[in-house]
There are 2 protein chains.
Amino acid sequence: MVRQASAQRRTLLQAAIAVFARKGLKGATIRDIGREAGANSALIYYYFEDKEALFTEAIRFVMQEFFERLAAGRRAFRGAEDRLAYLVDSLFGYFAEFPERVQLMAHALLAESAQLAVAASSFLRTGSATPLLVLQEGISRRELRAMHPLHAWLSIVGLCVFSLMTRDIGARLRPEADPTFPALGLADRRREILALLVNGLASRGGKKVRGRRSAKK
Amino acid sequence: MVRQASAQRRTLLQAAIAVFARKGLKGATIRDIGREAGANSALIYYYFEDKEALFTEAIRFVMQEFFERLAAGRRAFRGAEDRLAYLVDSLFGYFAEFPERVQLMAHALLAESAQLAVAASSFLRTGSATPLLVLQEGISRRELRAMHPLHAWLSIVGLCVFSLMTRDIGARLRPEADPTFPALGLADRRREILALLVNGLASRGGKKVRGRRSAKK
DNA sequence: CGGGTTATTAATCATATGATCAAATCATTT
DNA sequence: AAATGATTTGATCATATGATTAATAACCCG
């Protein structure tokens with residue numbers, strides 16, 4: 001029957017986000033999600049069509065929530081670095097608050113790209129995809145190199161998501177294989193990614209370093 | 001009994017790589033893999049411990065093969081851009097030849113990081129992780145900014161893998177949502193990623209543009 | 001050829017899973 | 001309180017799955 005808005009429905013959706021994030025669409029089971037929600041798993045079929053539809057709604061929810069936050073925090077930008085910092089910080093801030101949701105998006109991206117594309121295109125159509133607008137603005141103002149904003153955005157997301165997802169890989173490698181590997185916190189990673197986005201990996205040494213180099217600290 | 005090297009064993013491993021790449025560890029079934037290999041699925045248990053061990057061997061195989069190619073193609077570098085181009089081109093070239101293997105690594109990176117860490121650390125220990133050596137060399141020579149080479153490598157992998165994995169998402173979005181979205185080929189993506197790695201996203205306009213800007217074309 | 005080892009298969013097991021449904025509970029209105 | 005409709009649950013079904021096993025086929029060496 002697929003009921004709309006209700007507290008129970010929201011609870012189930014949040015449980016689904018958590019479990020899908022941990023195990024992926026295939027790895028998560030209906031019973032897992034029911035248990036996480038503290039409800040009978042059969043209830044899921046009262047509120048949602050099936051497991052796939054629940055997954056689709058989960059990624060749509062996360063995407064919408066993220067775009068809303070981004071739009072809410074939008075401001076005037078002082079230049080390229082400020083503009084890029086806004087995007088990177090939004091990603092890092094969102095995922096610092098809801099770490100499991102990055103993982104959900106990563107699963108969607110990798111294994112269920114069809115569903116992700118469906119969800120994403122609805123945001124593109126309604127013009128509510130803030131990151132693309134912000135990047136487009138930066139390109140128009142010649143702050144950023146000329147390129148399609150979607151490519152720029154995917155590069156930023158790729159860097160951040162990869163950095164966030166590989167934190168535990170680094171942690172696992174560190175002790176045995178490479179004692180020199182530094183245990184960087186989120187703030188350090190944010191700084192490195194921002195430096196990469198603004199200036200690239202190449203050293204600007206020899207010739208004079210640009211003033212825009214360091215954000216803070 | 002877990003037999004070592006044999007033609008059949010290799011066939012099964014290749015089939016596993018293909019199926020795991022398509023469906024992930026959880027999504028792939030033993031029967032899928034058997035069918036792909038044209039063999040009885042029970043045979044898998046003759047050559048491999050279980051499904052997880054097969055997955056681990058699959059990512060180890062791909063990682064080793066990729067590192068070997070990288071080591072074979074290693075050369076003297078003329079500077080930061082040349083050095084970064086070598087790494088990006090190695091990734092893109094490997095993907096062009098074996099797209100499914102890159103997808104397998106993406107699955108391992110984002111969804112099965114525990115197994116990836118096990119496989120990766122053995123390469124780190126033996127010092128055969130060429131990309132880290134190449135990056136370390138570039139940093140020592142002040143071509144590249146000072147940072148831990150593993151972070152630099154993960155950034156490069158993140159950019160490339162994300163770009164490669166989102167190609168079909170872009171293709172799905174393009175027609176309906178955004179008619180301006182350009183259908184970039186691999187060569188264009190390579191160029192954009194390299195430009196980002198060398199110079200960042202920020203425009204060098206106003207102040208004079210660096211000579212190292214454009215790779216070719 | 002023949003005996004013994006290795007490789008491969010069909011059949012099967014136990015369990016997990018997505019989904020359904022009828023019954024039970026709860027809420028709301030009369 | 002009775003009646004009606006919405007919500008929740010335990011039981012159940014059919015199927016898919018990872019894994020095992022016993023039997024068969026292929027291979028090899030004398």
Side-chain angles (χ1 to χ4, degrees), chain A residues 1-61 104 107-108 110-112 114-116 118, chain B residues 1-61 104 107-108 111-112 114-115 118:
Chain A
M1 187 169 287
V2 187
R3 290 268 161 262
Q4 293 303 323
S6 94
Q8 187 67 282
R9 195 187 138 94
R10 273 190 298 278
T11 303
L12 289 170
L13 186 59
Q14 293 307 314
I17 289 172
V19 178
F20 280 139
R22 238 177 288 138
K23 309 195 177 185
L25 171 56
K26 300 272 170 49
T29 74
I30 290 294
R31 288 169 178 82
D32 281 339
I33 296 170
R35 196 177 320 121
E36 175 89 15
N40 190 299
S41 65
L43 191 56
I44 290 167
Y45 291 92
Y46 181 73
Y47 286 105
F48 302 92
E49 190 64 30
D50 57 13
K51 195 178 151 187
E52 278 216 348
L54 180 55
F55 186 81
T56 304
E57 286 222 38
I59 61 179
R60 180 183 296 269
F61 177 92
L104 175 67
H107 271 118
L110 263 182
E112 322 294 335
Q115 311 210 31
L116 187 80
V118 171
Chain B
M1 185 170 287
V2 187
R3 289 268 161 262
Q4 292 305 321
S6 91
Q8 188 66 282
R9 194 188 139 92
R10 272 191 300 277
T11 303
L12 288 170
L13 186 60
Q14 293 306 312
I17 289 172
V19 177
F20 281 139
R22 237 178 288 139
K23 309 195 177 186
L25 171 57
K26 300 271 170 51
T29 74
I30 291 293
R31 288 169 178 82
D32 281 339
I33 296 169
R35 197 177 320 122
E36 175 88 16
N40 190 297
S41 65
L43 192 56
I44 290 167
Y45 292 92
Y46 182 73
Y47 287 103
F48 302 92
E49 190 65 28
D50 57 14
K51 194 178 151 187
E52 279 218 346
L54 180 54
F55 186 82
T56 303
E57 286 222 38
I59 61 179
R60 180 183 297 269
F61 175 91
L104 175 68
H107 269 116
E112 316 292 338
Q115 311 213 29
V118 171

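Residue numbers begin at 1 in each chain, while the letters A, B, ... track the order of the sequences.
The shortest non-hydrogen separation linking A/Ala108 to A/Leu116 is CB-CD1, 3.8 Å.
Following rounding to the nearest Å, B/Leu54 (CG) and D/dG18 (C1') show an atom-to-atom distance of 13 Å. When rounded to the nearest whole Å, the span between CZ of B/Phe48 and C1' of C/dT8 equals 15 Å. Across the protein-nucleic acid pair, B/Leu43 atom CG and D/dA26 atom P stand 14 Å apart, rounded to whole Å. Between A/Tyr45 atom OH and C/dA22 atom C1' the separation is 18 Å, expressed in whole Å. Straight-line distance from the NZ atom of A/Lys51 to the P atom of C/dA19: 8 Å, rounded to whole Å. Put simply, CD on A/Glu49 is 13 Å from C1' on C/dT20, counting in whole angstrom units. A straight line from CZ of B/Arg35 to P of C/dT8 spans 19 Å, rounded to a whole angstrom. Between the CG atom of B/Asn40 and the P atom of D/dA23 there is a distance of 17 Å, given to the nearest Å.
Between A/Glu36 and A/Arg31 no salt bridge is recorded (no basic side-chain N to carboxylate O distance below 4.0 Å).
Using a 4.5 Å heavy-atom cutoff, the side chains of A/Phe48 and A/Arg9 are in contact. With a 4.5 Å cut-off on side-chain heavy atoms, B/His107 and B/Phe20 do not count as touching.
For the atom pair B/Leu12 CG and B/Ser6 OG, the distance stands at 8.0 Å (nearest 0.5 Å). To the nearest 0.5 Å, atom CG of residue B/Leu54 and atom NZ of residue B/Lys51 are 9.5 Å apart.
Contact annotation: A/Tyr47 reaches the phosphate of D/dT8 (side-chain N/O to OP1 or OP2, under 4.0 Å). Distances shorter than 4.0 Å separate some side-chain N or O of A/Gln8 from OP1 or OP2 on D/dT8.
In terms of polar N and O atoms assigned as donor or acceptor, the side chain of B/Asp50 never comes within less than 3.5 Å of the base of D/dA19 in a complementary pairing.
Map B/Gly38 and A/Glu52 each onto its nearest nucleotide of DNA chain C; the residue landing nearer the 5' end is B/Gly38.
A/Ile30 pairs in a side chain to side chain contact (heavy atoms under 4.5 Å, CB included) with only one of the listed residues (A/Ile44, A/Asp50, A/Leu43), which is A/Ile44.
DNA chain D is contacted by B/Ala28, B/Thr29, B/Ile30, B/Arg31 of residues 24-32 of chain B, taking any non-hydrogen atom closer than 4.0 Å.
Of the listed nucleotides (D/dA6, D/dT20, C/dA19), D/dA6 has the atom at the smallest distance from the side chain of A/Tyr46.
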